[in-house]
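Note that ligands are numbered from 1 as they come in the structure, with each ligand's atoms numbered from 1 the same way.
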Amino acid sequence: MKMHNNDVAELFDRLADLLEIEGANPFRVRAYRNAARLIRSLPRDVADMVAAGEDLTRLPGIGEDLAGKIKTIVETGTLPLLEEEARKVPPELAELLEIEGLGPKRVKVLHEVLGVRSLEDLERAVNAGKVRELPGFGEKTERAILEGIQRLRAQYGRMLLATAEPVAEALREHLAATSGVERVEIAGSYRRRKETVGDLDILAIAAPDSPVMDRFTTFEAVARVQSKGTTRSTVHLRSGLQVDLRVVAPQSYGAALQYFTGSKAHNIAVRRLAVKRGLKINEYGIFRGSRRIGGAEEEAVYASVDLPWIPPELREDRGEIEAAMAGRLPDLITQDHIRGDLHVHSKHTDGRYSIEEMARAARDLGYEYIAVTDHSRRVAMAHGLDEKRLRQELEEIDRLNERLEGIRILKGCEVDILEDGRLDLPDSVLAELDLTVCSVHYRFNLPREKQTARILRAMDNPYFTILGHPTGRLINERDPYDVDLDRIIRHAAERGAILELNAQPSRLDLTDTACQQAKELGVKIAISTDAHTVHDLRFMRYGIDQARRGWLEAGDVVNTLPLNDLLDLMAKTRHARAA
Ligand code: DGT
Ligand code: CA
Ligand code: CA
Ligand code: ZN
């Protein structure tokens, strides 16, 4: 991973913060801050200068020592001195620096005078009116601090599943490798594969003498231990994510897993069925009166109320209980069903790899086909293709298809839907494509009626195939544009248009409920990664997670089709609209 100037500068700023909390020499602190500022202002990456063997001491204010540190940072991604200082400062104090308007000087005072060690401590001190009495603080600062705490909490409110996943899996493996630990699973919204998680709920079976709680609270990513007990502990990770670990008895494991997987609404519905049968289900087991009749395995919980086991992704009380009762649970799609990716970018626009590299990467994943869908001209920021450049790309694809074995490159284009609903390229060139992904990239703020009409009109174009990222949302960053999605889904049903489930972890657009609605109306879905690099092709599994939450089966998803069936379908929908 290349360190950009901002990354390097951030490490120096962080070092300065830590030194300041420790009360280090102010000149030393200032030297690191100045270095950070200088690096941010440079027109070129210091990483490139280091790689080119340039003499960094020629930069203003950079001596031998700083030059050496910059070199270490760009080459190793970190700085030993920073790690050393981080060990000296309590991690929760460093966390306080994340609060806007709370610099190291103030953190130091709060810590030394009021003994503040954590966000909770600080909130308590503010509410007790202690902070305003500190020299240099006052009521205004106090209000700003309170707002800062709230902002920080909101920002850390829900983390993308894909962001939480690496550390969650590392932690799971760390616990599973602990002596005396028999089973470990991450329950909660994580197991239901919800697009964002509020916190992680881990369950384990461990022998009484197992050091599992110690291993948990000393895991390397832990910033702060909130509570520690023999059966339950809670920690906060450096990323702000809260994690609970519960150690349960083997005879309760299945019941606990079912309970903590949730959702709450699903649990309530299951427990209601139990009550009707004179049973009680809780996180400890299944009981008839005071007699335990099961609870070691999750299946038993469902069996006790005459239901088959229900996949976690469906457990939202959105009809899964009724479907399970009627023996009509969907046979959910899996990654193995996927035969190709229908939305991929190359170097010709804003992708990072050549068409050939993307195609080979897709073949390595076992795919039969990949559709190259570079941007059209309107998306100037991505150097979108005009007719001429698109035709050149199509010729390149023809040549590659002759040469490459084991993968077919489909000719596509991510065609911009203009403000009035026309497509960004003339029909004459669109007619040469196998498929189009038509997307909105500009004018997100049109009134609902206009935005909806724009998309409906685009769907009427005979060369419209797939509606790309249908609502434009970016999770935690940008709301969906104001659009009547219900009408769009109905129109897609009439027109035989396909809707995309964009698998980028921050998009996951369509949502789970929209997928469910599309399926009910017979609208087909394309699960696509919108890959801009060969690595992004692996986002597919987040799309699969979302599709499963949306009740989709292999037959609902077009990129499960063998190549010839897919091409037939594309031709057929086009023909239907052209008629
Ligand atoms: P999150 O953390 O907001 O992403 O969502 P969850 O679903 O992981 O929720 P969380 O962590 O508050 O609780 C984990 C599970 O525990 C939840 O899915 C169902 C169960 N649970 C929590 N509170 C209750 C409750 O009051 N009643 C019932 N029946 N179950 C509950
Ligand atoms: Ca949770
Ligand atoms: Ca929880
Ligand atoms: Zn795209």
Please tell me if the side chains of R339 and L563 come closer than 4.5 Å, counting only heavy atoms from C-beta onward. no
Six-ring centre of F260, R246 cation under 6.0 angstrom, axis tolerance 45°
yes
Carboxylate-amine/guanidinium contact R422 D420, below 4.0 Å | yes
Anything under 3.5 Å between a donor and an acceptor, one on a side chain of residues 354-363, the other on a protein residue two or more places apart or in another chain? List them.
residue	atom	partner	partner atom	Å
S354	OG	E357	N	3.1
S354	OG	E357	OE1	3.2
E356	OE1	R403	NH2	2.9
E356	OE2	R360	NE	3.0
E356	OE2	R360	NH2	2.9
E356	OE2	R403	NH1	3.4
E357	OE1	S354	N	2.8
R363	NH1	E405	O	2.6

Item to check | Candidate pair D416 and R377, rule salt bridge (charged side-chain N to carboxylate O under 4.0 Å, His left out), full reasoning | outcome: CA-CA 8 Å; D416 207 60; R377 58 192 173 189; over 6 Å; no
Ordered by chain then number, the protein residues lying under 4.0 Å from ligand 1 by heavy atom are R158, G188, S189, R192, V197, G198, D199, D201, Y259, F260, T261, G262, S263, K264, N267
CD (Q451) and OG1 (T471) are apart, to the nearest 0.5 Å, by 10.5 Å
Ignoring waters, protein N/O/S atoms under 3.0 Å from the Ca ion (ligand 2) are D199 O, D199 OD1, D201 OD2
| field | Q504 and H469 side chains, donor-acceptor separation under 3.5 Å | value | no
Is the shortest heavy-atom distance from the side chain of I333 to the side chain of R548 under 4.5 Å? yes
Count of protein N, O or S atoms below 2.8 Å from the Zn ion (ligand 4) equals 4
Does Y442 have R378 sitting over its ring (NZ/CZ under 6.0 Å from centre, angle to axis within 45°)? yes
With distance as the sole criterion, is a donor-acceptor pair present between the side chains of S346 and D374 under 3.5 Å?
yes
| task | Before accepting this row, confirm whether a basic side-chain N of the pair E195/R507 lies closer than 4.0 Å to the acidic partner's carboxylate O. | result | no
Quick one: does NZ or CZ of R193 land under 6.0 Å from the six-membered ring centre of Y190, within 45 degrees of the ring axis? yes
Ring centroid separation H441 to H375 under 6.0 Å: yes
